[in-house]
Every structure is written in structure tokens, then in C-alpha cells.
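Let me begin by presenting the structure, written as C-alpha cells, before commenting on it.
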There are 2 protein chains.
Amino acid sequence: MNNMGIPIPSLRRLLAYYRHLKSASQKGLEFLSSGDLALAAGTTPEQVRKDFSFLPSQGRSRVGYPTQKFAEIIEDYLGLMNDKEAVLVGAGNLGRALALYPGFEQVGLRIVVLFDNDPEKIGNKVGDLQVLPVDALPSLVERMLIRIGIITTTADAAQAVADAMVAGGIKAIWNFSTLRPKVPDDVMVRNMDLSSELIVLSHYIRSLGAQEPPKSLDDDLDRLEQAS
Amino acid sequence: MNNMGIPIPSLRRLLAYYRHLKSASQKGLEFLSSGDLALAAGTTPEQVRKDFSFLPSQGRSRVGYPTQKFAEIIEDYLGLMNDKEAVLVGAGNLGRALALYPGFEQVGLRIVVLFDNDPEKIGNKVGDLQVLPVDALPSLVERMLIRIGIITTTADAAQAVADAMVAGGIKAIWNFSTLRPKVPDDVMVRNMDLSSELIVLSHYIRSLGAQEPPKSLDDDLDRLEQAS
DNA sequence: TAGATTGTTAATCGATTAACAATC
DNA sequence: TAGATTGTTAATCGATTAACAATC
């Protein structure tokens with residue numbers, strides 16, 4: 001009932017702080033203030049301090065946050081060094097791009113196999129990774145105790161894929177299709193609809209166009225800006 | 001000062017309703033209730049009705065929303081049929097996947113050129129699209145009156161790319177790099193940090209693991225689920 | 001010490017959810 | 001008509017922002 005648990009936006013910001021702390025530490029900078037971090041992460045010093053209040057460590061008044069130590073604290077808190085295995089279904093352009101995306105390594109994610117139902121794709125390799133038929137997914141996922149699944153198929157295949165993932169014991173699904181798969185309550189789905197992001201950008205542009213003559217609608221800009 | 005303007009989450013949900021209305025209409029279904037739409041979009045009937053209150057049209061009591069008409073209303077409201085041109089910088093795997101992404105056509109987005117600074121990539125083609133040097137960006141963008149830019153470069157190149165975009169008159173930037181570019185106030189940046197999304201999934205998995213023995217923490221699950 | 005910066009509590013804000021009257 | 005469903009206003013909730021005491 002009471003609010004245990006860190007808000008999702010804080011979680012994401014912590015990753016941004018982590019990157020900045022680490023790079024500062026590598027440059028030999030020993031401390032960063034909440035103001036420095038806010039600047040790098042596109043937020044406010046108050047927000048940084050609030051976010052840091054979820055961590056099991058404190059900064060130093062008048063000095064700031066020790067870069068190396070806090071990079072480690074966040075690394076720990078977010079579990080960045082834990083090896084997290086995932087499977088990806090849908091070996092199209094987007095699926096392949098994600099399979100080869102270099103940034104995932106830095107957060108400890110490793111995609112271990114791809115799946116697809118296109119006979120043309122099955123048996124191919126994407127980087128080091130094999131492409132297997134979707135049939136093979138549940139047992140492989142179960143055997144390897146994989147908990148994360150990524151869906152980059154078309155909408156019409158997505159529900160069947162999600163079902164297969166759930167059958168194999170996957171608990172967190174990152175869904176790039178436009179369908180919202182139905183899953184049991186204990187499975188988290190994060191829907192990443194790329195088109196809807198563009199709608200947001202295009203809506204902003206239209207609002208600019210409409211409001212250019214009347215001039216300066218700062219309130220509206222602020223409102224749109226803030227929700228990154 | 002007062003809250004004009006639709007919330008960003010509503011904007012994105014409208015796109016989901018639109019897809020479902022259109023497909024129902026094509027199947028010959030004439031009406032959908034807020035409950036039907038809620039089910040398809042993963043939200044509640046109340047939320048659907050609230051979102052629809054931003055549209056210049058109403059449903060019918062006891063009947064629901066006419067599918068074809070409401071698909072058109074949303075199409076209009078979101079400007080889906082307006083041709084929106086964009087440029088993309090960073091012709092790596094992710095950039096190419098976005099350039100070839102079929103879903104953008106359905107929301108009226110057209111990526112018209114790619115840019116990159118890698119001499120190996122300049123002059124290549126990605127689908128029908130040419131890859132040009134980043135130097136050429138500002139003048140081309142200005143000449144073509146392009147307002148949307150997509151950044152899929154590494155973090156170290158991102159600020160220079162954003163600057164070039166702003167110089168050419170771009171007003172909305174979709175940024176896939178981990179750097180948060182500094183831009184003038186009238187330019188909207190949407191940051192799409194793929195790794196941070198994974199952090200959310202992995203944090204959820206860890207919370208499950210930690211709480212499996214004590215059993216059933218529905219509050220926590222709900223909280224995490226809801227923020228899609 | 002004085003003053004910069006942290007940590008935390010309280011106030012605000014915006015979005016979601018609930019309630020319910022209006023309608024066909 | 002009775003009852004299902006809409007539209008809208010009010011209540012709740014959660015996250016952000018502001019305020020300020022504590023600290024080095």
C-alpha cells in the first residue's frame with residue numbers, strides 16, 4: 001500500500017547519471033555536484049538528489065558525489081554487471097539492428113539467440129547469433145532460464161510469440177510490434193511503439209506552426225519538453 | 001497557464017485506438033465501445049473516453065464510436081495523412097533499420113536522406129535513400145524545409161549533429177544516442193535510450209526474484225505494470 | 001566562520017481513476 | 001421503459017518541484 005519502490009523515470013535517469021559519473025571518473029574528476037549531473041542528464045539538481053535518495057549511499061555537503069564510488073553504487077543498484085540473457089524474435093532489419101546494438105553490452109544485456117519463422121532466415125547468422133525457428137523457443141528459454149524476450153515481429157505474429165515466451169518462463173517482454181500482447185499478471189510488457197514517438201514530434205511541430213503568429217507559448221513548450 | 005493541450009500519453013494512445021478502429025472498420029464492424037478499444041490498447045474504458053474528449057466529435061450512448069468516422073477523426077487530429085519529411089544521421093545498423101522501417105509510412109513519415117561522416121558509407125544507398133556527408137545537412141534541410149531529425153550516431157557525434165540540425169531549422173529531434181544534446185528552447189528533443197528501457201525490464205525481474213519467497217506483492221506489480 | 005551543497009519534508013502539478021448524470 | 005454506454009466533473013494518485021534545515 002505505501003509507496004515502496006523507485007519510480008521508473010528515476011530508474012532511467014540513474015543510468016544517465018551513471019554514464020556521466022563513470023566518464024568523469026575516467027577523466028580524473030573526483031566529485032560531481034547534483035548540478036553537474038542535472039546538466040548532463042537534462043534534469044534539475046533537486047531531481048538528482050531525490051533520485052539519489054533511493055541509493056544506499058550519500059554525497060558530501062559542499063563537495064558533491066564521489067564519481068567512482070557513485071558509479072559503482074549505481075552499477076550495483078541497477079545490476080549492470082549481472083549478465084542478463086535475452087532472446088529476440090523477428091530477425092528483420094530492426095531485430096538485427098538490436099541484436100548488433102553495442103550499447104546493450106554496457107548494461108549487461110546479452111541477446112543469445114534469434115528466432116524467426118521465415119525459412120529464408122532460419123539457419124542464418126546475425127553476427128555470432130543463430131536464427132532458429134520459433135517452435136524451438138519455449139524449451140530453449142526454459143532450459144537456459146532466460147527471463148527477457150524482445151519482439152520485433154509484425155503485429156499479426158506478436159501474440160503467438162508472446163505466448164511462446166510466456167510458456168518458456170519469460171517474465172519481461174520488450175515489444176516493438178504495434179499489437180499489445182495479452183500476458184499473465186506477473187509478466188511485464190514494455191511497449192515501444194516507434195510510430196507513436198513520431199506522432200509526438202509531429203504534433204509538436206504542428207503546434208509550433210499554429211502558434212508562430214500569435215507568438216511565444218512558453219507554457220506549452222515547457223509542458224512538451226518536460227516529458228522525455 | 002491553464003492546461004491547454006493534450007497529454008503526450010493520450011496522443012500515443014490515440015494512435016493505438018486509430019489502428020484498432022481502422023482494422024475493425026475494414027472488417028465491417030461499424031461500432032466499437034470504449035471497452036473494446038480499452039482492451040485493444042491496454043487501458044481502461046474511462047481512459048479511452050477521456051482521451052476521446054480531446055477530439056472534435058462524440059460517440060453515441062449505448063452504441064459506441066463509429067469505426068470509420070472515428071478513424072478519420074483521429075487521422076485528422078494526429079495529421080497522419082500529412083506528408084512529414086525527416087532526415088536521419090548515422091547510417092549504422094540502427095539507422096538503416098529505421099530508414100527501412102515500414103510502420104512509418106502509415107503515420108505519414110518519410111525519411112528522405114541519410115547522413116554519415118564515414119567515407120565508407122557516404123555515397124552508398126539504403127533502400128532508395130542516399131547517404132550524404134553531414135556537412136551537407138544544414139543547407140539541404142533548410143532548402144527542403146525539413147523539420148524532423150533523427151540521430152542514430154554514437155554519443156560523441158550527437159551534439160555536433162544536433163547543432164547542424166538546429167542550424168538547418170529542424171524543430172523536433174528524435175535522439176537514439178546516450179548523449180542529451182543541448183538545443184534552443186523551441187526545439188523538442190525526444191530521447192530514446194534503448195538501454196534504459198532494458199534497465200526497467202531487468203529491474204522488474206530482479207524485484208520478482210527478491211519477492212517470490214515472501215509471495216504476492218500485487219501492489220508493486222501493479223505499479224510497475226501500469227507505466228507502459 | 002560563512003557559504004555552498006546535500007537530504008528530506010511539504011507543496012504543487014499533471015495524469016489517471018472513480019463517480020455519476022445525461023442519453024438513446 | 002430499462003439499461004447500457006457515453007461525457008464530464010471530482011477525487012486520487014504518483015511524480016516533480018520547491019523549501020529549508022543540516023552539514024562540512
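Computation of the quantities below employed the complete heavy-atom set of this structure, encompassing side-chain atoms and omitting hydrogens, waters and symmetry-equivalent molecules. A, B, ... follow the sequence lines: proteins, then strands. Residue 1 opens every chain.
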Query - Strand DNA chain D in bracket notation, Watson-Crick/G-U under 3.5 Å with | for pairs to another chain - result: ..||||||||||||||||||||||
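Under the rule for a salt bridge (Lys or Arg N to Asp or Glu O under 4.0 Å), E72(A) has no partner lying at least two apart in sequence or in another chain. Partners of E85(A) according to the salt bridge (Lys or Arg N to Asp or Glu O under 4.0 Å) rule, which considers only residues two or more places apart in sequence or in another chain, are R110(A). By the salt bridge (Lys or Arg N to Asp or Glu O under 4.0 Å) test, R13(A) is found to be paired with D51(A), residues two or more places apart in sequence or in another chain being considered. Y65(B) pairs by the ring pair (Phe, Tyr, Trp, His ring centres under 6.0 Å) definition with F52(B), F70(B), not counting sequence neighbours.
A donor-acceptor contact shorter than 3.5 Å links the side chain of T152(A) to the backbone of V89(A).
For dT6(C), the OP1/OP2 oxygens have no side-chain nitrogen or oxygen of Q58(A) closer than 4.0 Å. Between S34(A) and the phosphate of dT6(C), there is a side-chain N or O to OP1/OP2 separation shorter than 4.0 Å.
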Query - Base-contact (B) and sugar-phosphate-only (S) positions in nucleotides 18-24 of chain C, heavy-atom cut-off under 4.0 Å, - elsewhere - result: BB---BB
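Shortest non-hydrogen contact noted between I170(A) and I146(A) is CG1-O, 3.5 Å. Contact detail for A164(A) and P138(A): the closest heavy-atom pair is O-CG, 3.8 Å.
Among dT17(C), dT16(D), dT8(D), the nucleotide with an atom closest to any side-chain atom of S53(B) is dT8(D).
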